[in-house]
Amino acid sequence: MADAAVAASSSKATDGGATQQVDVAVVGAGFAGLYLLHRLRKAGFNAIVLEEAGDVGGTWYWNRYPGARCDIQTIDYSYTFDPELESAWKWSEKYATQPEILRYLGFVTERYDLRRDIRFHTRVTEANWDQVTERWLLRTDNGATISCRYYIMATGCLSAPKPPEIDGVKNFKGEVYFTGRWPHDEVKLAGKRVAVIGTGSSGIQAIPLIAEQAAQLTVFQRTPNFALPAHNGPAPADRAALLESDRATYREQARWSMAGVPWPQQTAVSWQLSDAERRERFEQAWAAGDLVYILTQLWADQGVDVDGNALVCELVREKIRGIVKDPETAAALSPFDHPFGAKRPCLDTNYYATYNRPNVTLVNLRQEPIKEITASGITTDKRTFDVDVIVFATGFDAMTGAIMAVHPIKGRGGKSLSDVWANGPQTYLGLTVADFPNLFMITGPGSPSVLSNMAVSIEQHADWVVDRLIALRDAGFTTIEATATAQDGWAQHMADCASLTLHRLANTWYTGANVPGKAWGVMPYTGGVGPYRSICNEVASRGMLGFRLSGPNGAEQCNDGEIVRLQPDVRLVLGMLAEMNLPAIESLGAQGSRDFVNEFNKGRPAGRPVGEVGDGVLQGADGPLPYRLYRPATPGPHPIVVYFHGGGWVFGDQQSDDPFCRDMCRRTGMIFVSVGYRHAPEHRFPAAAEDGYAATRWVAEHAAELGGKPGPVVVAGWSAGGNVAAVTCQLAQERGGPDIAGQLLICPVTDSSFDRPSYTDNATGYFLTRSLMYWFWDIYCSPADRTDPRVSPLRGKLENLPQAIVVTCEFDPLRDEGVAYAEALAAAGVPVEQLKARGHIHSSLMMVDVVITGVGARAQMANALRRFAGLPESKGEGVGPGATAPLHQINAAAG
Ligand code: N01
């Protein structure tokens, strides 16, 4: 039937009978290929699907092993493009079996009459880009060669099974099965001695059912995995009701969620919850039997913080110990080598309890690795196991396997995709590859794919691609190709996202670590489904940013650039702020701005606990000033940092940078004294500067009383507070004390000139705006005073000032004056280090626990403060994530 259909369509559109001409060729007739074919046809493209299997289904065609089911609830794991299709199909279970999912895909195929354009039993053997015709030429092992304008790989992420890499498989005389290529005929295991190698999702689903049939089951486990009971049955009533009550909203929320299933974002972090609260949340998740739920709904730091994650790991291990009766087996089944969720957790039915059966044995390959497979069974370092059947549940060459290894793909200039990807996949948006024009991948490496509900991600990709093809056709373009700049930018953004998660801490198929010799790297996009969707939309709305388009008669367009230059969490924060439609602070007046900022700060996550927090009063330049002191939990006396908050000399107080002070107190092991200096307009220039100086002197004189180490203090400040800190150092120098050991200046105001490029480049859109800075200056300082070094320290005497670390953020109007100050200090012979926070905005580093990519910078700042105080550097948490340029010494010549 399929071949006949193809022959019919070839006869309509072939080139001399040898080559079938189509607009679009798609490889794969799974979830992605079927939907693509439907959309392409509706859009008027002439399309063909090439499928190696004998029928539709993709992964669900091949993975027929006992127990194979989806692990996303079926009401979510469905097409959503047609409400009538949704009404026409009813799933029977919370997690459908493989046969039911296959029936569903067959139903969809018939409903949209897709079969006539699918060529089954057809493997593409070669794909070459023809530069002259600007078309792809595909050779196959069945039927005519195909010439297509666009080539789309809808090959799935987990479709190329991985060889087992065990010696002697060929010698085995019994039956051998691979879960990923399970026979279509019934496999009889009753009364047999069966071995299963591998305890990933496939093994964990199959093992309980094989145990029920086999006389004896021996499971060979290399790495234990986390598994959660599925509690399968009918779809949970609450979720079904939610969907039914407003299907369109439910589906739309899924599209904009992080994982493709509509669950809310958690905001409470683990240390804000009591043990009892955490246990209650965990028990609820365990009872829910839903991977997306347990991966996203416990606490906000479970996926990004090692400590927050360790709490989940221990709760799961406790469950394993509670189910498995033999303590040694329970210990062997308990994962300790990776964070929960860093490797794909599994959904099971009776998995752990299966090990209580008398006919089931677990072999821990960490203690006795497999030596070889022999004619009669499996030999480990210690024992021999004679078996009748071996089931390999050893996984896949994931994400790249089905694209790269299946057939050679040659792009522009004969470049081979395998060569281009030799060190890991390079893509733009996980959809396209530079030098491979008109080639698209559906859920390719670099897209959310396997970290999401695949049904949602597939529809998003297929829609985006087909919409672009329509737009190209309408505009008269015939080729589309990612630029190298866009692709490199995407790689950087991918790395920034991955540094936020814990995936880097596990050896998994997400990173290619399961295939010997494969390049290591987190392959799926970890930034979330909703953010990814908004990025793809932004690429289109910004004139196909990062793509080169061309067409007949010299038509050409290239809007080159990188789509995301902000750190991923900063981008999210700015997006949320934009949605809140906040008033411009400068429009509120001084008091209004203070009220607004105080109110806004109330919504921030509370800072982490420190040893002690206390309030006091110190002597300022013209009367008493409040301060807040943060003391580390370690025994004192500790060196002291005098800290000045931000707020443009107009708002803020000794508490307003509380999360930052707590974080730095914990990281440095030093006392932080945050000073409530006076503000304008009530107290204009030089009140803040003089208070800063007076407060520093007072703290230095009262160090012992404060529990601090007598001797030099360190000063630090952010924004206007950075200005106060810098000025304080100059005044201390001029006025003969106090002794200051070092200065930390974070995004400081250093000069009254607004001419530097960062004032223009970052004038709007990055929280601190140019017009807000104008307003701050007007309120604090009259034009005549603005060149005074007490407000423009860049114009002061810099020789012999204390050593410094100057931190600047890329998207900050104040960036260039911070850089200028660092360079001027260096030119004056002051030892200075400069930390340039890439992709960050003015307030990034203060947003502790919200902007996690700021951790690396805060760790570096903390180390600098410790060095200033003569303490050894800490090797603690967060040293090194890539959001900052390497800390570098600027030598005097730099000025
Ligand atoms: O493969 P895996 P899978 N000697 O790579 C072990 C999806 N899926 O087919 O961890 C001994 O996870 C290997 O050990 P180790 C799902 O996304 C979904 O199970 O490398 N052991 C591991 O235990 C899933 O994550 C469903 O040390 C060897 C196992 O084999 C993905 O597919 C169902 C070995 C492989 O586990 C892959 O799952 C099934 C060797 N030489 C799959 N080589 C749903 O429910 C490998 N192993 C939707």
Side-chain angles (χ1 to χ4, degrees), residues 30-31 58-60 62-74 76-77 93-98 101 156-169 177-182 195-207 218-228 230 232 289-292 295 333 335 337-338 341-349 351 362-366 368-373 378 380 390-399 401-402 443 449-455 503 506-516 518 523-524:
F31 255 97
T59 197
W60 298 106
W62 298 107
N63 285 272
R64 296 164 180 257
Y65 58 86
R69 290 175 185 274
C70 56
D71 60 4
I72 296 280
Q73 291 199 28
T74 349
D76 299 303
Y77 190 68
E93 287 181 283
K94 178 180 172 189
Y95 298 106
T97 58
Q98 173 269 339
I101 300 173
C157 299
L158 294 154
S159 19
K162 176 183 89 91
E165 302 126 16
I166 300 173
D167 289 342
V169 179
Y177 301 104
F178 284 80
T179 48
R181 287 286 181 273
W182 200 259
V196 173
I197 303 178
T199 51
S201 300
S202 306
I204 283 177
Q205 284 186 332
I207 284 164
T218 311
V219 177
F220 293 82
Q221 171 196 272
R222 192 162 62 185
T223 311
N225 220 332
F226 290 104
L228 171 82
N232 202 14
D290 185 307
L291 280 182
V292 180
L295 283 164
L333 288 166
D337 75 322
H338 63 275
K343 187 172 185 149
R344 171 108 173 180
C346 309
L347 206 58
D348 78 273
T349 301
Y351 175 64
L362 180 70
V363 177
N364 183 348
L365 298 181
R366 295 285 175 209
E368 46 175 317
I370 295 178
K371 254 171 62 186
E372 61 172 340
I373 292 180
I378 298 172
T380 69
I390 301 179
V391 174
F392 288 100
T394 39
F396 300 89
D397 181 355
M399 314 258 346
T443 63
S449 58
V450 290
L451 292 179
S452 68
N453 173 0
M454 288 297 270
H503 291 291
N507 282 327
T508 66
W509 57 261
Y510 290 146
T511 61
N514 68 327
V515 176
K518 189 165 172 174
M523 291 187 285

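Residues: numbered from 1 along the sequence shown. Remember, predicted model here, so these are calculated numbers, not experimental data. One-based numbering, in listed order, for ligands and for the atoms of each.
- Within the 4.5 Å cutoff, the side chain of H338 has no heavy atoms near those of the T508 side chain.
- Close approach to I197 involves these atoms of ligand 1, each under 4.0 Å from a residue heavy atom: 11 (C), 21 (N).
- Counting all heavy atoms, side chain and backbone alike, D76 lies closest to A455 at O-CB, 4.0 Å.
- Under a 3.5 Å cut-off, the side chain of D71 and the backbone N or O of C346 do not form any donor-acceptor pair.
- Counting all heavy atoms, side chain and backbone alike, N63 lies closest to A68 at O-CB, 3.5 Å.
- Residue contacts with ligand 1 include L365, since one of its heavy atoms falls under 4.0 Å from the ligand.
- If you number the atoms of ligand 1 from 1 as listed, the ones under 4.0 Å from a heavy atom of G395 come out as 1 (O), 5 (O), 9 (O), 35 (C).
- Near P164, meaning under 4.0 Å from one of its heavy atoms, ligand 1 places the atoms 40 (C), 41 (N).
- At least one heavy atom of L158 lies less than 4.0 angstrom from ligand 1.
- No donor-acceptor pair closer than 3.5 Å links the side chain of R69 to the backbone N or O of N232.
- The protein non-hydrogen atom at the shortest distance from atom 9 (O) of ligand 1 is S202 OG, 2.7 Å.
- By the 4.5 Å heavy-atom criterion applied to side chains, I378 and I197 are counted as neighbours.
- Regarding atom 6 (C) of ligand 1, its nearest protein heavy-atom neighbour is G198 CA, 3.6 Å.
- At least one heavy atom of T199 sits closer than 4.0 Å to an atom of ligand 1.
- In this model, a donor atom of one side chain and an acceptor atom of the other lie less than 3.5 Å apart for T223 and R366.
- Those atoms of ligand 1 with a heavy atom of W509 less than 4.0 angstrom away are 5 (O), 12 (O), 17 (O), 24 (C), 25 (O), 31 (C), 37 (C).
- A heavy-atom separation below 4.0 Å is not found between H338 and ligand 1.
- By the 4.0 Å heavy-atom criterion, Y510 is excluded from the residues contacting ligand 1.
- Within the 3.5 Å criterion, the main-chain N or O of E93 finds a donor-acceptor partner in the side chain of T74.
- The single protein non-hydrogen atom nearest to atom 8 (N) of ligand 1 is S201 CB, 3.8 Å, given as residue, atom name and distance.
- Between the side chain of Q98 and the backbone N or O of W60, at least one donor-acceptor pair lies under 3.5 Å.
- Within the structure, the closest approach of I166 to ligand 1 falls below 4.0 Å when heavy atoms are considered.
- Side-chain contact between C157 and F396 is absent, with no heavy atoms from C-beta onward closer than 4.5 Å.
- Ligand 1 places these atoms under 4.0 Å from at least one heavy atom of R366: 27 (O).
- Looking at heavy atoms from C-beta onward, Q221 lies in side-chain contact with L362 at the 4.5 angstrom threshold.
- A distance below 6.0 Å separates the ring centres of Y77 and F31.
- With a 4.0 Å heavy-atom cut-off, ligand 1 is reached by no atom of V450.
- Summary of contacts: the protein heavy atom closest to atom 20 (O) of ligand 1 is R222 NH2, 2.9 Å.
- The distance from ligand 1 to the heavy atoms of Q205 drops below 4.0 Å at these ligand atoms: 33 (C), 44 (C), 45 (O).
- Ligand 1 lies less than 4.0 angstrom from a heavy atom belonging to K343.
- Counting heavy atoms from C-beta on, the side chains of M523 and K518 come closer than 4.5 Å.
- When non-hydrogen atoms are compared, ligand 1 lies under 4.0 Å from the backbone of A393 (N, CA, C, O) but not from its side chain.
- When heavy-atom distances to ligand 1 are checked against a 4.0 Å cut-off, C70 comes that close only through its backbone atoms N, CA, C and O.
- Residue F220 does not touch ligand 1, judged by heavy-atom distances below 4.0 Å.
- D290 and Q73 form a side-chain donor-acceptor contact under 3.5 Å, judged by distance and modelled atom types alone.
- Ranking the protein heavy atoms by distance from atom 36 (O) of ligand 1 puts G200 CA, 3.4 Å first.
- Side-chain contact between K343 and N225 is present, with heavy atoms from C-beta onward closer than 4.5 Å.
- Counting only heavy atoms of the protein, atom 27 (O) of ligand 1 lies nearest to T223 OG1, 2.4 Å.
- At a 4.0 Å heavy-atom cut-off, ligand 1 touches Y65 through the side chain alone.
- Counting heavy atoms closer than 4.0 Å to ligand 1, residue R69 contributes backbone atoms (N, CA, C, O) but none from C-beta onward.
- Of all the heavy atoms in G198 and V196, the pair that sits closest is O-CG1, 3.8 Å.
- Taking a cut-off of under 4.0 Å to the non-hydrogen atoms of K162, the atoms of ligand 1 that pass are 43 (N), 46 (C).
- Taking only non-hydrogen atoms, the option from L291, V219, T394 nearest to atom 47 (N) of ligand 1 is T394.
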